[in-house]
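Note sheet for the following structure.
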Amino acid sequence: MPTASSHGSKTALSVDGSAIGVWTTASELKRVADKSETSAYGAEGHEYADNEGLKAHMFTCSGWYDKTATTGTGPVLKGKEGQNLTIIRGIEGSSTGMPKETFVAHLDDYTTTSPVADITKWSATFTVSGEITDGTY
């Protein structure tokens, strides 16, 4: 039975107001519930508080490095480690009416990799600060 799906190549991504989707080959938004442990001495297993409401979302993205001096991935991400940046991701594209996720995230790391037999690549890891807003373009 066919399903209603969306191809990943349609994903739109901007970080700090710069569209970097043209250099991005993968992105992942992991929505995670935080937990508080309530185990005490003598417990046989860990116990956790129920539905505390705190979130611990994470976002990663990666792709091929673009050396363009003002708009490539280097100028957008390099040197901004430790800063909170606004991220907008549209997993079905950025046409009017398409869903989008908007959030602020702390740039934990920005990495470039230079394999001898391939093009230079980049990756970034973020920790979401606050909640994710689900909306539409």
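- A salt bridge (charged side-chain N to carboxylate O under 4.0 Å, His left out) check over residues 127-137, counting only residues at least two apart or in different chains, returns the pairs Arg31-Asp134.
- A distance-only check finds no donor-acceptor pair linking the side chain of His106 to the backbone of Thr127 [under 3.5 Å].
- Grouping Ile, Leu, Val, Met, Phe, Trp and Tyr by side-chain contacts under 4.5 Å, direct or through others, puts Met58 with Val32.
- With a 4.5 Å cut-off on side-chain heavy atoms, Ile88 and Tyr137 count as touching.
- Scored by the side-chain hydrogen bond (donor to acceptor under 3.5 Å, both in side chains) test, Ser114 finds no partners at all (sequence neighbours excluded).
- Under the 4.5 Å side-chain heavy-atom criterion for ILVMFWY residues, a single connected hydrophobic cluster contains both Leu85 and Val76.
- Every pair tested for salt bridge (charged side-chain N to carboxylate O under 4.0 Å, His left out) that includes a residue from residues 104-116 fails, sequence neighbours excluded, so the list is empty.
- Taking Tyr48 as the reference, Lys35, Glu37, His46 meet the side chain to side chain contact (heavy atoms under 4.5 Å, CB included) condition, with sequence neighbours excluded.
- Listed by chain and number, the residues in a ring-ring contact (aromatic ring centres under 6.0 Å, His included) with Phe126 are Phe59 (sequence neighbours excluded).
- Note that CG of Leu13 and NZ of Lys100 are 13.0 Å apart. Values are rounded to the nearest 0.5 Å.
- For the residue pair Arg89 / Thr11, no side-chain donor-acceptor distance below 3.5 Å is found, with atom types taken as modelled.
- For Ser36, the side-chain hydrogen bond (donor to acceptor under 3.5 Å, both in side chains) partners two or more places apart in sequence, or in a different chain, are Glu52.
- For Ser62, the side-chain hydrogen bond (donor to acceptor under 3.5 Å, both in side chains) test picks out no residue, with sequence neighbours left out.
- The side-chain heavy atoms of Val15 and Leu77, taken from C-beta on, include a pair separated by under 4.5 Å.
- With hydrogens and angles disregarded, a donor-acceptor distance shorter than 3.5 Å links the side chain of Trp122 to the backbone of Trp64.
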(message) If you apply the rule side-chain contact (heavy atoms from CB on, under 4.5 Å), what do you find for Thr73 with Trp23, and how did you get there?
(response) CA-CA 7 Å; Thr73 50; Trp23 304 293; 3.8 Å; yes

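- Rounding to the nearest 0.5 Å gives a distance of 7.5 Å between NZ of Lys121 and OG1 of Thr25.
- By the side chain to side chain contact (heavy atoms under 4.5 Å, CB included) test, Thr38 pairs with Glu47, Ala49, sequence neighbours left out.
- In this structure, NZ on Lys10 lies 9.0 Å from OG on Ser95, to the nearest 0.5 angstrom.
- For Glu92, there are no side-chain hydrogen bond (donor to acceptor under 3.5 Å, both in side chains) partners two or more places apart in sequence or in a different chain.
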(request) With side-chain contact (heavy atoms from CB on, under 4.5 Å) as the test, would you mind laying out the steps for Ile132 and Leu29 before giving the verdict? (result) CA-CA 10 Å; Ile132 299 164; Leu29 177 57; 3.8 Å; yes

(message) Go through it in stages, so that I can follow the logic: the residues are Val104 and Val128, the test is side-chain contact (heavy atoms from CB on, under 4.5 Å), and I'd like the CA-CA distance, side-chain angles, deciding distance and then a yes or no.
(response) CA-CA 6 Å; Val104 172; Val128 176; over 6 Å; no

(message) Between Leu107 and Gln83, is the side-chain contact (heavy atoms from CB on, under 4.5 Å) condition met? List the steps.
(response) CA-CA 6 Å; Leu107 178 56; Gln83 294 182 27; 5.7 Å; no

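- Taking the side chain to side chain contact (heavy atoms under 4.5 Å, CB included) definition, one finds that Lys78 meets it with Tyr110, sequence neighbours left out.
- For Thr136, the side chain to side chain contact (heavy atoms under 4.5 Å, CB included) criterion is met by no residue, not counting sequence neighbours.
- When all heavy atoms of Ala12 and Gly93 are compared, the pair lying nearest together is CB-C, 4.2 Å.
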(request) Determine, stepwise, if the pair Asp16 / Lys80 fulfils salt bridge (charged side-chain N to carboxylate O under 4.0 Å, His left out). (result) CA-CA 10 Å; Asp16 205 25; Lys80 295 184 180 171; 3.1 Å; yes

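- The minimum heavy-atom distance linking Thr24 with Ala26 is given by the pair CG2-O, 3.3 Å.
- Residues Ile87 and Ala105 approach most closely at CD1-CB, 3.8 Å, considering heavy atoms.
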